[in-house]
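Residue numbers start from 1 in every chain, and the chains themselves are labelled A, B, ... in the order their sequence lines are given, proteins ahead of strands.
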Amino acid sequence: MEESESASDKPRPWQSYHTVYTNAKAGMDGVDKEQVQRVVYEMSKGSKYFENEERKEAFIRQKIEHMRARAAKLSAADLSHYQKVADKRILELESTRDLSRIWLHVDMDAFYAAVETLSNPSLKGKPMAVGSMSMISTANYEARKFGVRAAMPGFIARKLCPDLIFVPTDFKKYTYYSDLTRKVFWDYDPNFMAASLDEAYLDISKVCEERSITGAEIAEELRSRVHEETGLTCSAGVAPNRLLAKVCSDINKPNGQFVLPNDRMAVMTFISSLPFRKIGGIGKVTENILKGVFGISTCEEMLQKGSFLCALFSHSSADFFLSVGLGLGGTDTPEARFRKSISSERTFSATEDAALLYQKLADIAEMLSADMQKEGLSGRTLTLKLKTASFEVRTRAVTLQKYISSSDDILKHASNLLKAELPISLRLIGLRVSHFNEDKRGVPGDPTQKTLTTFLISGDPSRRTGDDQRSLGSDLSDLHFISEKETAMSLDNNETCHHEFRDPFERKHLSDIDDKNCISSINAFEMEKIDELSSNKTAAMVNTADVKERTTRSPKRDLSRVSEDDSSIQREPEDSNPDRLNKEPITSGNEEFFSLNQMEMLFWVDDYKCSLCGAELPSSFVEERQEHSDFHLAERLQKEESGTGSSSLIPRLRIVPKDYSGSQNRRKKHKSSLKQGMHLPIDSFFTKKSSWQL
DNA sequence: CGTTACTCT
DNA sequence: TTAAAGAGTAACG
């Protein structure tokens, strides 16, 4: 499966460029992986995207180095302690094992491509991809033979397969067929969990019992019924939990199935040799880290390294890893889930023309607002997402006191956020609204569906169990299609609701852990808790006043009217004596900051502890103290300001240098590099939080 | 609360 | 020429 590097002395630069496409998937059997790698590398080399990938990879390498160092520093006593912690957790997790349910994961085969072929049979047998020259959503099996894969840009795919046919995406079509499949699913489990347009989880325990037939038989029947109804093939996995079922559905894809019996030995055998990369929730980065730090790659090895995992990772991450090692995950009954955010983003050719950027922003605001209206949503938190010309991603958010949904409101606040970033060269702008009004959150639009919808959703008693994780991505956004759909048959109403259920496995928290277990284990971890500030504080945020004056006034004044006046507001004074805040609470010769006067005194008790929150930060940590003060400051401002509606001050407080277009190196990434360079005596012993997942 | 990173389709 | 869009969670400041 894995690309095996044959030892040789010839330089092979392409082998070091690891893309996601190296992840061996179904239909990639006869592919010359090295050839594909080489082409991808050649096409990528030198691009902005590529450079960004390299930066990210370098960053991960550092993270790995850091963790290895910490692992090496663990004393024998530490290890024996963490071994106990791990053993205990393993026992606790094991006690939650539930083999009483039978879960089925259905996964449509090359869904988008298959649908497109249905509507245009002339595509049959030819290599085809759904997507564009920029990005491919999915490819049919003919195309996969050439190494063409989902998430691969089209121009690279065309290089791999010159005859590749491109078909644009058409979500309405996919939603229609998705609905057909879901009708079938409904017959087997009216509470099925849709994970996306083309995937779902069904608890078939009941059907199996009622009809006294096996999971395998149900799977066969369901698959053949799906085929009858849609003309599409799918694959299925049957297992005692969702995590395993998902893995199983991939085994005999396409048009196949795999059953893992509800037997502990069977599960352990299955899991033991399984590469953990196959597990949902473990992606490229986690794989690299676990491989790089511990040299492991199978689920079984996770258990063997239990002590290290507990020592180096957060409680919830360690728990997840251990449960993967045990083959646990996702046996609970689905609950109603609500959408938590809604967003819209667009990529365009990079520009630094502020007027153009504001125009794009207005377009996005418009689209987002429209989507929100369709679902009757309104929210209090607005997040602006930016991708610079060099592919660096940033987000900027405000939380307001009012719920907003109109494009005017969205645009007004979004403009303020954007303004603070100018000048900047961008290739993507996105907006997201979250923090919904509880009353009208989530329930999909159509009032005629309301009775059924509310009925089903109200079955959301057990809100506990933070058992989720998996995104379900694309399909929620398509809910409105369903309700709008002319054809919408009555049954669909039910299904519409189910689309709200989600989330395949429980990753970070095992929902079925009972409280006692949780508590005891938490205690085990809590003991190690130490001052995280000192271990995690990052160094050196340059306090350069970003001098980029907005010489570039937006022509679209009206968009930014609210903050118009604050062009007079000064930013952090250039001098910025780092200790300024330590001496006295921000006097600032700046009236605009009047609110700061209301901030309680921040000083360092015994020159060590923060008077506001008790964080311990030795006086030598100058930069960290500055940052810490700014943290309280921002917190303060934010509180006072979220009421006024004008939030333009906050972004202005950032001390980090912004970067623009090309030079995005500095900040973020360096944060951690710096951190790793820092001398942190205690943390190597006690830290439970690692630099992991920075 | 705000920001970033990771993951999935 | 050309590397998406939408969503969720964890972790940290």
Side-chain angles (χ1 to χ4, degrees), chain A residues 19-20 40 43-44 47-50 52-53 56 59-60 63 107 111-112 131-138 150-156 158 169 171 195-199 246 280-286 289 313-317 320 337 339-347 349 371 380-381 383 385 387 391-399 427-428 430 432 434-435 466 468-478 502-504 507-509 532-533 535-538 613 615 624 627-628 630-632 634-635 638-639 642 650-651 654 656 667-669 671-672 689-694:
Chain A
T19 65
V20 286
V40 170
M43 299 292 292
S44 303
S47 69
K48 287 277 179 19
Y49 175 83
F50 180 85
N52 190 248
E53 288 301 297
K56 289 198 289 188
F59 176 56
I60 292 171
K63 202 148 81 172
D107 191 340
F111 185 54
Y112 298 173
S132 69
M133 232 30 172
S134 300
M135 186 52 61
I136 285 176
S137 289
T138 190
M152 176 182 279
F155 67 94
I156 293 181
R158 189 181 53 182
T169 55
F171 279 94
S196 66
L197 283 182
D198 74 319
E199 280 183 43
K246 163 105 179 158
I282 298 187
K284 190 180 85 165
V285 173
T286 307
I289 290 176
F313 291 96
S314 72
H315 186 183
S316 67
S317 292
F320 171 61
R337 292 280 160 164
R339 178 207 278 282
K340 296 194 172 66
S341 71
I342 184 169
S343 66
S344 182
E345 68 187 55
R346 285 297 175 269
T347 294
S349 54
D371 288 349
R380 290 176 54 208
T381 299
T383 305
K385 175 179 171 181
K387 195 188 285 179
F391 288 85
E392 188 207 356
V393 175
R394 299 182 197 173
T395 62
R396 299 292 180 250
V398 259
T399 298
R427 73 186 328 275
L428 172 145
R432 168 178 301 223
S434 52
H435 215 127
D468 55 346
Q469 140 211 359
R470 228 9 4 100
S471 67
L472 81 110
S474 43
D475 72 324
L476 277 190
S477 51
D478 301 301
R502 53 185 53 195
D503 166 53
R507 154 154 97 163
K508 297 301 179 185
H509 312 291
E532 296 168 14
L533 281 167
S535 64
N536 285 317
K537 267 308 180 180
T538 74
C613 71
E624 288 78 359
E627 200 184 330
H628 187 82
D630 287 328
F631 166 62
H632 282 301
E635 190 177 49
Q638 183 187 304
K639 269 184 201 145
S642 55
I650 298 172
R654 289 176 214 301
V656 278
R667 77 163 309 191
K668 235 28 320 149
K669 317 211 148 155
K671 232 172 136 172
S672 30
K689 318 241 174 198
S690 56
S691 61
W692 156 251
Q693 289 220 341
L694 258 187

Legend entry - From C:dG6, C:dT2, B:dG2, nucleotide with atom closest to A:Ala397 side chain: B:dG2
Inset, instruction - Report the distance from atom CZ of A:Phe59 to atom P of B:dC6, rounded to the nearest whole Å. - result: 7 Å
Inset, instruction - Report yes if a side-chain nitrogen or oxygen of A:Ser44 is closer than 4.0 Å to either non-bridging phosphate oxygen (OP1 or OP2) of C:dA3; otherwise report no. - result: no
Inset, instruction - Check every strand shown and say whether A:Ile156 touches a base, only sugar-phosphate, or nothing at a heavy-atom separation below 4.0 Å. - result: base
Inset, instruction - Would you tell me if any nitrogen or oxygen in the side chain of A:His435 comes within less than 4.0 Å of OP1 or OP2 on B:dC1? - result: yes
Inset, instruction - Look up atom CZ in A:Phe320 and atom OG1 in A:Thr286, then write down how far apart they are to the nearest 0.5 Å. - result: 8.0 Å
Legend entry - Whole-Å gap separating P (C:dA3) and CE (A:Met133): 12 Å
Legend entry - N/O (side chain, A:Arg339) to phosphate O (OP1/OP2, C:dG6) under 4.0 Å: no
Legend entry - Earlier contact from the 5' end, DNA chain B, for A:Ile60 and A:Asp198: A:Ile60
Inset, instruction - Would you mind classifying the nucleic acid contact of A:Thr169 as base, sugar-phosphate or nothing, using non-hydrogen atoms under 4.0 angstrom? - result: nothing
Inset, instruction - Ignoring backbone atoms, establish whether A:Arg346 has a side-chain N or O less than 4.0 Å from OP1 or OP2 of C:dG6. - result: yes
Legend entry - Proximity to the side chain of A:Met135 - top-ranked nucleotide from C:dA4, B:dT4, C:dG6: C:dA4
Inset, instruction - Pick the C1' atom in C:dA4 and in B:dT7, then give their distance to the nearest Å. - result: 15 Å
Legend entry - Residue mapping more 5' on DNA chain B - nearest nucleotide basis, A:Val393 or A:Ala151: A:Val393
Inset, instruction - Looking at every strand, decide which applies to A:Glu199 at a 4.0 Å heavy-atom threshold: base, sugar-phosphate, or nothing. - result: sugar-phosphate
Inset, instruction - Please round to the nearest 0.5 Å and tell me the distance separating atom CD of A:Glu345 and atom NZ of A:Lys387. - result: 7.0 Å
Inset, instruction - Indicate whether OP1 or OP2 belonging to B:dT4 is found under 4.0 Å from a side-chain N or O atom of A:Lys385. - result: no
Legend entry - N/O (side chain, A:Thr347) to phosphate O (OP1/OP2, C:dA5) under 4.0 Å: yes
Inset, instruction - Using whole Å, report how far NZ of A:Lys48 lies from P of C:dA4. - result: 14 Å
Inset, instruction - Find the distance A:Phe50:CZ to C:dT2:C1' and express it as a whole number of Å. - result: 17 Å
Legend entry - From CZ (A:Arg427) to CD (A:Glu392), nearest 0.5 Å: 13.5 Å
Legend entry - Side chain of A:Lys340 - closest among C:dG8, C:dA4, B:dC1: C:dG8
Legend entry - Nearest-Å distance for atom pair CZ/P, residues A:Phe111 and B:dC8: 20 Å
Inset, instruction - Could you check whether A:Arg432 gets within reach of a base, just the sugar-phosphate, or nothing at all, counting any heavy atom under 4.0 Å? - result: base
Inset, instruction - Calculate the interatomic distance between A:Phe155 atom CZ and C:dA4 atom C1'; express it in whole Å. - result: 13 Å
Inset, instruction - Look at the side-chain N and O atoms of A:Lys387 and state whether any lies under 4.0 Å from the OP1 or OP2 oxygen of C:dA4. - result: yes
Inset, instruction - Look at the side-chain N and O atoms of A:Thr399 and state whether any lies under 4.0 Å from the OP1 or OP2 oxygen of B:dC1. - result: no
Inset, instruction - Tell me whether the OP1 or OP2 atom of C:dA7 has a side-chain N or O from A:Ser343 closer than 4.0 Å. - result: yes
